[in-house]
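Single-structure report; data block below.
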Amino acid sequence: MLHVRVRSPSTLGFATARIQFNRMSKTRFSVKPIQSKTEIPTSDPDPNPGSENGSAAELRVFSRRKRVKRTEEVQKLQLEAKPIAQKLAVLPDIEEFAYKKLNTSTNSIDTGKPPANWEKVLDGIRKMRSSEDAPVDSMGCEKAGSSLPPKERRFAVLVSSLLSSQTKDHVNHGAIQRLLQNDLLSADSIDKADEATIKSLIYPVGFYTRKASNLKKVANICLTKYDGDIPSSLEELLSLPGIGPKMAHLVMNVGWNDVQGICVDTHVHRICNRLGWVSRPGKKQKTSTPEQTREALQLWLPKEEWDPINPLLVGFGQTICTPLRPRCGLCSVSEFCPSAFKEASSPSSKSKKSGSNKKL
DNA sequence: ATCCGGTTAT
DNA sequence: ATAACGGGAT
């Protein structure tokens with residue numbers, strides 16, 4: 001067992017992190033405030049204690065029993081301890097935080113076992129999402145055509161999915177509204193309509209030229225093969241131009257209430273990896289594509305959650321766990337997140353003094 | 001791996 | 001003035 005001492009340069013004094021080092025690559029961190037100075041700063045065997053620049057949190061590794069042999073091991077531990085140091089250095093109130101247990105959970109992942117604390121995390125995210133103030137809550141594809149009869153609603157969901165890829169929710173919402181107002185939200189009417197008309201109505205969704213063309217084809221297929229309805233199986237949906245795995249699962253979920261798989265978009269993909277909920281099969285690496293994430297997530301997430309996980313994480317990703325500068329300071333489950341405060345955080349977490357967390 | 005477009009945040 | 005946003009097809 002090693003101790004890591006962390007000092008925040010901007011405020012706050014010290015805390016120690018105790019690191020238990022299991023040889024099976026499972027590393028656990030727990031944090032306690034420093035009690036006395038009876039700690040023995042033995043040897044300080046490494047001349048470069050994580051010092052990248054003067055403003056970074058100071059970090060020292062020392063051992064009670066001098067079990068630490070050589071610099072390699074020490075360096076490795078420092079690397080593992082660094083997130084803690086950063087987290088502590090950034091945190092507004094070190095006292096409060098220092099008492100919490102830092103479960104940088106070592107997730108089972110590829111064994112198909114659920115990661116530690118996943119229920120707490122999910123619950124915490126649900127609470128953060130209860131205000132329903134994310135774009136997806138009002139303008140997601142799943143809302144499309146909610147006032148229409150079932151068949152028309154399903155078609156609206158399909159169209160909305162088709163248009164929504166690579167475009168913001170509100171832009172897509174606008175396009176759907178325009179189609180609706182022009183009675184162009186049914187297979188029949190779209191099949192008859194001029195492609196240029198479609199194109200101008202759906203502008204400015206991303207890639208509107210191709211989408212207009214895809215929309216015409218899809219409408220025709222729906223009309224001739226499915227009597228104006230949409231395909232009801234995953235395979236058939238995937239065969240439609242412009243419908244890939246993400247949209248196919250979305251349509252199965254919200255269009256047919258038939259959950260065949262998790263709808264993994266960029267938010268779900270990113271957040272699951274930040275939480276350490278997924279990994280490449282056999283590896284401890286992060287998944288590199290949404291499809292890998294879907295398969296890994298499906299290994300352990302209970303099926304009741306397959307459908308709700310998407311709107312939950314999408315909204316969370318739009319408001320708090322953003323792709324860039326995640327607002328870890330506003331996140332109530334950061335204590336369970338291995339990635340918390342690892343990326344440059346948003347100015348919303350109060351650390352305006354001494355820009356010490358500029359680019360850690 | 002690259003292309004497909006426009007909008008919004010930095 | 002850029003870079004980032006967000007999936008599918010080749």
Side-chain angles (χ1 to χ4, degrees), chain A residues 134-144 157-179 195-196 198-219 221 230-231 234-255 261-274 287-295 297 309-327 330 343-349 351-352 355 357-359:
Chain A
V136 69
D137 295 317
S138 50
M139 294 177 298
C141 292
E142 52 273 17
K143 310 291 179 207
V157 168
L158 180 64
V159 174
S160 184
S161 302
L162 190 31
L163 297 187
S164 72
S165 75
Q166 298 291 108
T167 108
K168 301 266 192 189
D169 284 340
H170 71 272
V171 175
N172 183 47
H173 187 251
I176 295 295
Q177 294 298 93
R178 266 172 268 130
L179 287 175
E195 189 171 314
I198 307 284
K199 182 172 164 180
S200 66
L201 282 174
I202 65 176
Y203 177 95
V205 299
F207 316 121
Y208 54 90
T209 306
R210 179 154 306 150
K211 281 174 183 174
S213 155
N214 285 342
L215 195 44
K216 287 284 292 178
K217 290 179 191 157
V218 166
I221 294 170
I230 68 174
L234 200 61
E235 290 71 30
E236 291 170 297
L237 284 168
L238 284 169
S239 76
L240 302 176
I243 300 292
K246 189 263 178 182
M247 299 311 178
H249 283 108
L250 181 73
V251 171
M252 286 305 287
N253 289 198
V254 316
I262 299 172
C263 172
V264 175
D265 68 355
T266 172
H267 296 287
V268 176
H269 176 56
R270 176 184 68 255
I271 294 168
C272 286
N273 274 294
R274 280 184 178 161
T287 56
S288 55
T289 69
E291 271 298 271
Q292 282 177 11
T293 298
R294 187 180 60 75
E295 286 172 4
L297 195 55
I309 192 86
N310 176 267
L312 188 74
L313 293 191
V314 170
F316 180 54
Q318 288 172 331
T319 54
I320 296 181
C321 197
T322 50
L324 213 56
R325 297 175 209 82
R327 294 145 167 80
L330 301 177
E343 301 171 41
S345 73
S346 138
S348 67
S349 62
S351 53
K352 21 207 144 180
N357 63 337
K358 259 313 187 202
K359 37 169 65 177

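Remember, predicted model here, so these are calculated numbers, not experimental data. Each chain gets a letter, A, B and so on, in the order its sequence line appears, and its residues count up from 1.
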Can you sort out the partners of A:D137 under side chain to side chain donor-acceptor pair (under 3.5 Å), two or more places apart, ordered by chain and number?
->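 So A:D137 forms a side chain to side chain donor-acceptor pair (under 3.5 Å) with A:R129.
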
Of the listed nucleotides [options], the one nearest the side chain of [X]:
X: A:H170; options: B:dT8, C:dG6, B:dG6; value: B:dT8
X: A:R210; options: B:dT7, B:dC4, C:dG6; value: B:dC4
X: A:R325; options: B:dT10, B:dG6, B:dC4; value: B:dT10
X: A:P204; options: C:dG6, B:dG5, B:dT7; value: B:dT7
X: A:P323; options: C:dG7, C:dG8, C:dG6; value: C:dG6
X: A:M247; options: B:dT8, C:dG7, B:dC4; value: C:dG7
X: A:F207; options: C:dG7, C:dG8, B:dT10; value: C:dG7

Does the side chain of A:L163 reach to within under 4.5 Å of the side chain of A:L179, using non-hydrogen atoms?
->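 Result yes, sub-4.5 Å side-chain heavy-atom pair found.
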
Mind checking whether A:H269 and A:T287 have side chains closer than 4.5 Å, heavy atoms only?
->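 Heavy-atom side-chain distance check passes, below 4.5 Å.
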
Send over the distance from [X] [atom1] to [N] [atom2], rounded to a whole Å.
X: A:E291; N: C:dG6; atom1: CD; atom2: P; value: 19 Å
X: A:Y208; N: B:dT7; atom1: OH; atom2: C1'; value: 13 Å
X: A:H269; N: C:dG8; atom1: NE2; atom2: P; value: 13 Å
X: A:L162; N: C:dG7; atom1: CG; atom2: C1'; value: 11 Å
X: A:L215; N: C:dG8; atom1: CG; atom2: C1'; value: 15 Å
X: A:L163; N: C:dG6; atom1: CG; atom2: P; value: 17 Å
X: A:N172; N: B:dG5; atom1: CG; atom2: P; value: 17 Å
X: A:E343; N: C:dA4; atom1: CD; atom2: P; value: 13 Å

Sticking with atom P, work out how far C:dG6 lies from B:dT10, rounded to a whole angstrom.
->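 Their P atoms lie roughly 12 Å apart.
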
Determine the interatomic distance between P on B:dG5 and the same-named atom on C:dT10; round to the nearest Å.
->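 These two P atoms come out 14 Å apart once rounded.
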
Would you say A:K168 reaches C:dC5's phosphate, i.e. side-chain N/O to OP1/OP2 under 4.0 Å?
->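 Answer is no, no contact under 4.0 Å.
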
OP1 or OP2 of B:dG5 less than 4.0 angstrom from a side-chain nitrogen or oxygen of A:Y203, does that happen here?
->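 Answer no for this pair, as no side-chain N or O of A:Y203 is under 4.0 Å from OP1 or OP2.
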
For A:R210, look at atom CZ and say whether over 12 heavy atoms of other residues, nucleotides or ligands are found less than 6.0 Å away.
->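 Result for CZ/A:R210: open.
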
Evaluate the criterion side chain to side chain donor-acceptor pair (under 3.5 Å) for residue pair A:D169 and A:Q318; output intermediate values, then yes/no.
-> CA-CA 11 Å; A:D169 284 340; A:Q318 288 172 331; 3.0 Å; yes

Categorize [X] for me: base, sugar-phosphate, or nothing, with a 4.0 angstrom heavy-atom threshold over every strand shown.
X: A:D265; value: sugar-phosphate
X: A:L240; value: sugar-phosphate
X: A:T209; value: sugar-phosphate

Tell me which of A:P241 and A:Q166 sits closer to the 5' end of DNA chain C, going by the nucleotide each one is nearest to.
->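 Upstream on the strand: A:Q166.
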
Mapping A:G206 and A:L238 onto DNA chain C by nearest heavy atom, which one lands closer to the 5' end?
->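 Mapping each residue to its closest nucleotide by heavy atoms, the 5'-most match is A:G206.
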
Can you name the closest pair of heavy atoms from A:E343 and A:P323 and give their distance?
->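 Result for this residue pair: OE1-O, 3.8 Å.
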
Taking for each residue the nucleotide of DNA chain B bearing the nearest heavy atom, is the 5' side occupied by A:L324 or by A:S165?
->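 It is A:S165, whose closest nucleotide lies nearer the 5' terminus.
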
